[in-house]
Amino acid sequence: MLMSRLFGRTLREDPTGATTASHGLMLRAGMIHQLGAGIYSHLPLAFRAMDRIESIVAEEMDRVDGQQVALPVVHPADVWKQSGRWHSVGPEMARFTDREGHDMVLAMTHEEVVADIARQHVHSYRDLPFMIYQIHTKFRDEPRSRAGLIRVREFVMKDAYSCHTSEADLAEFYERMKEAYVRIYRRCGLEALVVRSSTGMMGGSGAHEFMLVTPAGEDTILVCASCGEAANREVATCRAPDADGAKMADLEEVATPNQTTIEGVAGFLGVESRETLKAVFYTVDDKVVFVAIRGDLEVNEAKLQGVLGTAELMASTEAELRGAGLVPGYASPMGVEGLQVVADRSVAAARNLVGGANREGFHLRNVNLGRDFQAEVADIGLVRTGDACPDCGEPLHEARGIEMGNIFQLGTGYAEKLGATYLDQDGQQQALIMASYGIGIGRLFACVVERHHDEHGIVFPMSVSPYDVQIVQLGDKEEIETAAADLQAGLVAQGLAVLRDDRKESAGVKFNDADLLGTTMRATVSNRGLKNGEIEIKLRGDREATTVPVAAAAERIAALRTELLAAIDPERPLWDAAGEVAAGAADGEAEG
RNA sequence: CGGGGCGUGGCGCAGUCUGGUUAGCGCGCGUGCUUUGGGAGCACGAGGUCCGGGGUUCGAAUCCCCGCGCCCCGACCA
């Protein structure tokens with residue numbers, strides 16, 4: 001490819017609104033073009049990089065016996081109604097009606113479609129297990145897209161689905177997929193931190209996410225550096241606080257005029273916030289739920305959703321509280337009939353807290369769960385840095401991460417709802433046990449750039465570089481052009497993807513553009529070099545260049561590519577992701 | 001959905017508060033000459049529904065009203 005013919009233009013300045021390195025660099029390199037909020041076109045360079053990522057993904061999926069398919073982007077709503085997600089999934093699913101007035105759906109995931117296929121193509125345990133995958137476009141009408149390709153509404157995703165006859169078989173395959181995912185990221189030059197995660201709208205029994213640790217991330221993860229426990233904050237747990245052995249003191253009403261916040265009450269009464277009872281209210285199915293937690297802690301709504309068995313948590317309005325017999329700012333579950341009360345473990349462990357008196361302007365001292373009110377006790381606290389690891393008790397560390405992929409154990413839910421069954425060895429009809437696995441290709445690409453760049457531009461790993469080598473020819477002399485074209489032909493003959501900068505631009509412009517685009521290898525053909533019969537070779541990530549005789553250049557560069565690819569060992573960690581969290585890397589500045 | 005910001009040649013911005021000629025600047029783009037190892041110089045030139053629609057006014061990029069779009073923070077989220 002000639003640079004003069006390459007579609008897409010480089011920019012000298014970051015366009016407005018680029019807040020992350022990957023977004024700014026992709027725009028400056030002319031790789032992406034925004035059509036609307038969270039909707040991007042991929043121009044040639046991005047397409048090529050993503051194509052290489054897709055090849056890596058496909059190879060690893062094939063390696064664990066996956067079979068590639070193509071599933072529809074537009075679905076009749078029927079299957080979604082059968083699974084229940086037509087109703088349970090919110091406006092992030094795009095819906096429309098076709099000309100006949102039938103409800104239709106733009107695909108955001110494909111569990112239903114796979115279950116539908118399975119119910120017609122899988123009849124016997126002999127057909128199982130299997131895994132099929134596709135690399136295809138998804139649309140999710142996210143409430144808020146951000147940061148270039150990191151969070152978009154339309155995106156290319158590798159989604160895979162496996163079906164099994166037993167939980168044990170699923171668990172075994174799930175581990176194979178986990179390894180395949182880690183290999184994919186390593187082959188793209190990234191080390192993933194595997195964390196436990198929420199099953200979210202997928203449902204099911206367990207899930208993991210693959211995080212790139214970076215301050216540009218939008219998820220918060222908690223990691224134990226000593227035992228390796230790692231979880232998304234949504235599901236993170238910590239050791240329960242030790243029970244306070246103090247004796248229960250008598251209830252005592254105290255006046256707390258105009259003190260409706262934890263800080264206010266604690267300050268007014270001269271106690272610590274951890275000695276108070278925080279009340280939070282959610283309305284579920286038109287009923288107010290009273291949620292109690294120690295005053296210095298926060299409620300984790302994802303965990304609370306699990307306890308309440310609902311996906312819809314709405315903060316209650318003042319009117320709803322009054323309707324339930326509660327006094328906002330001074331609320332107490334004591335003496336309120338028919339109120340569902342959920343208390344965090346911290347409340348069960350504590351003694352003699354300060355809580356509301358359910359009377360305007362008054363609080364109660366020495367409130368104790370069990371004696372003064374009853375509640376369902378659960379772990380609903382938001383875990384923070386320094387909390388004790390649930391496994392080993394050492395302090396947990398907090399960091400930001402980008403979710404590069406996720407895997408879900410779905411169980412039999414989808415198969416049961418859609419009637420995807422098979423006959424087992426005993427002739428009994430059984431529901432398929434399913435799992436699904438996703439990787440956003442564009443986001444993974446963004447992660448590569450996020451992690452591999454410097455102040456001049458992208459520094460592509462060999463495996464992902466849109467072109468293997470960029471030839472920079474300096475000067476417009478005939479022999480330069482000829483030598484550069486010969487080198488290009490030689491490299492192409494060796495099977496390399498070559499970008500040759502044949503433009504009539506100054507050396508500075510060409511070098512800067514080469515740095516910006518990030519092509520892994522650079523070959524400079526210049527008057528200065530040709531005088532000695534040499535061509536200069538430089539890796540984008542290296543400071544120093546080397547020279548080789550013109551005649552040997554193509555072979556040397558091809559060999560270099562082979563070496564660079566061979567150096568990628570998907571079995572070996574690229575860096576210590578957990579240690580990085582413990583070191584606070586993702587709270588401070590970005591990595592190079 | 002709540003809060004904030006922005007919308008002016010391809011990109012980055014000024015001008016808007018305080019209405020007043022042909023709407024500027026830098027980069028980029030075209031042509032010519034000179035230049036060619038880290039974002040060259042000179043000259044000439046092209047390129048604009050000032051987001052859209054109403055309104056106020058002798059006169060609107062500028063003031064008012066109603067929309068639309070995009071970005072950021074939060075909520076939410078595979």
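Protein chains get the first letters and strands the later ones, always in sequence-line order, with residue 1 at the start of each.
- Between A:Y174 and A:H208, the distance separating the two ring centers is shorter than 6.0 angstrom.
- When Watson-Crick and G-U wobble pairs are counted only if both distances are under 3.5 Å, B:rC17 pairs with no nucleotide at all.
- Within a 6.0 Å radius of CZ in A:F47, no more than 12 heavy atoms belonging to other residues, nucleotides or ligands are found.
- Classified by interplanar angle (parallel below 30°, tilted 30° to 60°, perpendicular above 60°), the ring pair A:F210/A:Y181 is tilted.
- Nucleotides B:rG2 and B:rU21 place their P atoms 41 Å apart, quoted to the nearest Å.
- Between the C1' atom of B:rC25 and the CD atom of A:E13 lies a distance of 12 Å, rounded to the nearest Å.
- Nucleotide B:rG69 has B:rC6 as its partner under the Watson-Crick or G-U criteria, with both atom distances under 3.5 Å.
- Base pairing of B:rG74 is made with B:rC1, judged by Watson-Crick or G-U wobble geometry with both donor-acceptor distances under 3.5 Å.
- Of the possible donor and acceptor atoms, none in the side chain of A:D219 sits under 3.5 Å from a partner among the backbone N and O of A:R400.
- A side-chain contact (heavy atoms from CB on, under 4.5 Å) with A:R540 is found for one member of A:I458, A:D515, A:T519 and no other, namely A:D515.
- Pairing of B:rU35, defined by two Watson-Crick or G-U wobble distances under 3.5 Å, is not identified with any nucleotide.
- Taking atom C1' on both nucleotides, B:rC63 is separated from B:rC1 by 31 Å, rounded to a whole Å.
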Nucleotides 69-71 of chain B: which of its N/O atoms have a protein N/O under 3.5 Å away?
unit_1, atom_1, unit_2, atom_2, d
B:rC70, OP1, A:A37, N, 2.9
B:rC70, O3', A:Q34, NE2, 3.3
B:rC71, OP1, A:Q34, NE2, 2.8

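- Across B:rU62 and B:rU56, the matching P atoms stand 15 Å from one another, rounded to whole Å.
- For A:D141 and B:rC76, the CG to C1' distance is 12 Å, given to the nearest whole Å.
- Straight-line distance from the CD atom of A:E403 to the C1' atom of B:rC76: 14 Å, rounded to whole Å.
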Classify every nucleotide of nucleotides 34-46 of chain B by which part a protein heavy atom approaches to under 4.0 Å, writing B for the base, S for the sugar-phosphate alone and - for neither, in 5'-to-3' order.
--BBBBS------
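- Separating the C1' atom of B:rG26 from that of B:rG15 is a span of 15 Å, rounded to the nearest Å.
- Listed by residue number, A:F155, A:M157 are the residues of residues 155-163 of chain A with a heavy-atom contact under 4.0 Å to RNA chain B.
- With rounding to whole Å, A:R503 atom CZ is found 14 Å from B:rC29 atom C1'.
- Judged by Watson-Crick or G-U wobble contacts below 3.5 Å, the nucleotide B:rA46 has no partner.
- Residue contacts shown for A:E301 are limited to sugar-phosphate atoms, with no base heavy atom under 4.0 Å away.
- Spacing between B:rC72 and B:rU35 at atom P, rounded to whole Å, works out to 47 Å.
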